[in-house]
Number of protein chains: 2
Amino acid sequence: MKLTSTPRLADIAKRAGVSIAAVSIALHKAESTRVSAERRKKIISIAEEMGYSANELARALAERRTRLIGLAVPLRDPIFFNQFIAQALSGIQKTMMRRGYNLLIFSPSGKPGRATRDQILESKFTDGIIFINTRSCTVADVEETIDELQRANIKFSMINSYYGNSPINYAGADDAGIGEAAARYLAERGHKQIAFLSGQRTLPAHQQMVKGLKRGLKAHDLNLSAEHIGCSGYEETKAFEILDRWFDKRKDRVTAIFAADDQLLINLYDYIEQRGLSMPKDVAVLGRGNSGFGEHLRPRPTMFTIPTFSMGELAADLLIDSIENPKAEPRRVFLPYEFVNGVTA
Amino acid sequence: MKLTSTPRLADIAKRAGVSIAAVSIALHKAESTRVSAERRKKIISIAEEMGYSANELARALAERRTRLIGLAVPLRDPIFFNQFIAQALSGIQKTMMRRGYNLLIFSPSGKPGRATRDQILESKFTDGIIFINTRSCTVADVEETIDELQRANIKFSMINSYYGNSPINYAGADDAGIGEAAARYLAERGHKQIAFLSGQRTLPAHQQMVKGLKRGLKAHDLNLSAEHIGCSGYEETKAFEILDRWFDKRKDRVTAIFAADDQLLINLYDYIEQRGLSMPKDVAVLGRGNSGFGEHLRPRPTMFTIPTFSMGELAADLLIDSIENPKAEPRRVFLPYEFVNGVTA
DNA sequence: TTGAAAGCGCTAACAG
DNA sequence: CTGTTAGCGCTTTCAA
């Protein structure tokens, strides 16, 4: 007699005097009429008595699905301290809980930019993966990743910034829309010298915002001059240099600044405090950032926020849709931004 | 001819004209001499050419291990916003990366206090689980969980607060030690009326700290009177009532307060600001909290910090040790606290 | 060295 | 309704 530490279907079948198949169905297919009610009852009670719990691995192998979804985040530092990711993860979790999936977090492979290669291999464990691209992903990185995933025949959905052409599952923010709204907001309040403090001009989100800003300004017969687009490369000193340049001017000095994300907004706040300026009197400040950010900031920033939580929720739904229904068409959804009225613009 | 979307060992074997076993070994057992060098080379090149990547599921079923570790956190709200958990997770990740494991985050089952039942079942996917107990876990909850895990024969390690008797893998902080150190610190600075602002007297950590405080005070011929132990139940209004009681006294007024955790320290700060007191002049404040907390707090708190990151790292190591070496004895480790010199005590 | 074959524990198609 | 059997794709004896 074989003795496994944990009972198998076969053990229950023997005890109940029925076939393995009967046990499998009695325990896992609640709706099936394949086994009679009383038989099922008996089987279930024996199973409980023996402390049976299914070997998910074997089940997954036979069913060819794990109900596991992997998370890929190309990010060097620990992902759990990142508020953006925390929000997205919470959204993802919500969907997963509702639809009965669990989340597999790949341990970073150590590789820099595109930590994906290894994660794609590991993803053999999952039914699909959610890819959160960060600001360390260039457009090329992202395209390449998409390519790899598609070649490997791995279902996925993407969060954050993608404006390429591939038909993929994607949940993101309408950055061009935010840019346009920001421009209109400031222009309507009479600002003529409007500047854009950003991070990196290679980032898709940056490009979208510029596009939107230009569109919005044009509607007011204004334009966004090259010198009013400043990219800090996410270095504070660089950001301060840019701001110095804008504020040191005698004429046509900048009167309003739109900050591309949370970190840049912080840089801007620090600069303004250090220089002894006040918002919105000396300069109007408008931000773009994750929802929730800014709540603890003083003075309260006026901003357009990105519904990160919803993005996570949606990305998970899109992915699961395409897992459960293989003919589902990929969908790209741009979630609407929100406006948070503060006192800085 | 069968056509699976992704190539299997059998496909490679056929193409290479060798057995399935040979392919398996050539690809996955680098050290084995079972297959000749040139054969291996050939097999590997064919595998690459065909874009082979192993079906981890089948492998796991055969090997009876997944190299997946599950995370169980009994917490109602999204875990990813919790700094304590974020830190622990980062530590866990570090170990997992080093030792080649991945993390499976169970979606909360919806149940309140002990979200474990379902998670234990799901854990059939993992080689073991890490259990992070939070302040919503009573002593009984924890004992029951340990019981369940052991009965189900599931390897696990625990993080945070456990002072029971079971020999388990555990990584936690030395709360009694912190209590004692806090008492000594304050007593040495001449304080006689020392109070302890805590959350819940049923929590193990609370009890340990009280024990330590008493021990430390005794060394200075002082003692901790019952009225100087205040538990807010983690409600701000309750905390304020307690503080009112301490500060409204005319004689023997409290001159130093030890706050049991981050949240209580914040409550204390708010109260002190609101009441227009100053630290440490009017009252000395000493805190206990997660490492890193307090860095952004002004004035900078004097505190004993808990090495949460290391706790995660260690808990993962302990668990993996016991997975990879079944005869490894469970170990309970109390990590040393650290002292952060601030200006409040 | 190598190949054949027996599992790992479960699901699903097939036959009664 | 029920049992038998053939996979799922891999690892690992066991013979050769």
Side-chain angles (χ1 to χ4, degrees), chain A residues 1-43 47 50-67 121-127 153, chain B residues 1-43 47 50-67 121-127 153:
Chain A
M1 177 187 171
K2 190 85 69 43
L3 221 138
T4 334
S5 62
T6 132
R8 301 154 304 164
L9 284 188
D11 301 321
I12 299 177
K14 197 175 295 170
R15 273 271 281 274
V18 300
S19 74
I20 296 182
V23 180
S24 171
I25 287 165
L27 295 180
H28 298 309
K29 297 270 182 283
E31 310 79 10
S32 171
T33 58
R34 207 183 169 307
V35 6
S36 65
E38 64 177 331
R39 220 162 214 239
R40 163 168 281 150
K41 236 172 75 186
K42 180 175 175 193
I43 291 173
M50 297 178 73
Y52 174 80
S53 91
N55 179 326
E56 297 291 339
L57 227 46
R59 173 123 73 127
L61 180 59
E63 282 187 335
R64 283 124 148 229
R65 70 188 206 354
T66 56
R67 291 191 156 271
L121 297 187
E122 314 252 22
S123 79
K124 289 286 163 184
F125 248 126
T126 65
D127 293 344
N153 218 345
Chain B
M1 177 187 170
K2 188 86 71 41
L3 220 138
T4 333
S5 62
T6 131
R8 300 155 305 164
L9 285 187
D11 301 321
I12 299 176
K14 197 175 296 168
R15 273 271 282 271
V18 299
S19 74
I20 295 183
V23 180
S24 171
I25 287 164
L27 295 180
H28 298 308
K29 296 270 182 280
E31 312 78 12
S32 171
T33 57
R34 207 183 170 302
V35 5
S36 64
E38 65 177 327
R39 234 170 200 233
R40 164 165 281 148
K41 236 171 76 185
K42 181 176 177 191
I43 291 174
M50 296 178 76
Y52 174 80
S53 91
N55 180 327
E56 297 293 338
L57 226 46
R59 172 125 72 134
L61 180 58
E63 283 186 337
R64 285 122 147 234
R65 73 188 205 352
T66 57
R67 289 189 157 271
L121 298 187
E122 315 251 23
S123 77
K124 289 286 160 181
F125 248 127
T126 65
D127 293 344
N153 217 343

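Keep in mind the model is a prediction, meaning the values are calculated, not measured.
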Rounded to the nearest Å, what distance is computed from the CZ atom of residue A:Arg8 to the P atom of nucleotide C:dG9?
6 Å
Heavy-atom pair with the smallest gap, counting every atom of A:Ile12 and A:Leu27:
CD1-CD1, 4.2 Å
Here the gap from B:Thr6 atom OG1 to A:Asn153 atom CG, rounded to the nearest 0.5 Å, amounts to 8.5 Å
So does A:Lys29 get a side-chain nitrogen or oxygen closer than 4.0 Å to the phosphate oxygens (OP1/OP2) of C:dT11?
no
Working to the nearest 0.5 Å, report the span between CD1 of B:Ile43 and CD of B:Glu38.
10.5 Å
Spacing of B:Glu56 atom CD relative to D:dC10 atom P, expressed in whole Å
10 Å
Whole Å only: how far is the CG atom of B:Leu9 from the P atom of C:dG7?
20 Å
Between C:dA12, D:dC10, D:dG9, spot the one nearest the side chain of A:Arg64, thanks.
D:dG9
For A:Pro7 and A:Asp11, the nearest pair of non-hydrogen atoms, with its separation, is CA-OD2, 3.4 Å
Just say parallel, tilted or perpendicular for the rings of A:Phe125 and B:Phe125, cut-offs at 30° and 60°.
perpendicular
Heavy-atom nearest nucleotide on DNA chain D for B:Glu63 versus A:Ala58: which residue maps closer to 5'?
A:Ala58
To the nearest Å, give me how far apart CD1 (A:Ile12) and P (C:dT11) are.
11 Å
Quick one: does any side-chain atom of A:Arg40 pair with a main-chain N or O of A:Ile25 as donor and acceptor, under 3.5 Å?
yes
Sorted by number, residues from residues 18-26 of chain A placing a heavy atom under 4.0 Å from DNA chain D are A:Val18, A:Ser19, A:Ala21, A:Ala22
CZ of B:Phe125 versus P of C:dG9: gap in Å, rounded?
15 Å
Rounded to whole Å, CG of B:Asn55 lies from C1' of D:dC10 at a distance of 8 Å
Does C:dC10 have its OP1 or OP2 closer than 4.0 Å to a side-chain nitrogen or oxygen of A:Tyr52?
yes
Minimal non-hydrogen separation, A:Val35 against A:Ala22, with atom names
CG1-O, 4.1 Å
Where A:His28 and A:Tyr52 come nearest, the two heavy atoms and their spacing
NE2-OH, 4.0 Å
Apply side chain to side chain contact (heavy atoms under 4.5 Å, CB included) to residues A:Met50 and A:Arg15 and explain how you reach the verdict.
CA-CA 10 Å; A:Met50 297 178 73; A:Arg15 273 271 281 274; 3.9 Å; yes
Could you check which of C:dT11, C:dC8, D:dC10 has an atom nearest any side-chain atom of A:Ala62?
C:dT11
Tell me whether the OP1 or OP2 atom of D:dG9 has a side-chain N or O from B:Arg59 closer than 4.0 Å.
no
Could you give the CZ-to-P distance, from A:Arg65 to D:dG9, as a whole number of Å?
16 Å
Among residues 31-43 of chain B, which contact DNA chain D at a heavy-atom distance under 4.0 Å?
B:Arg34
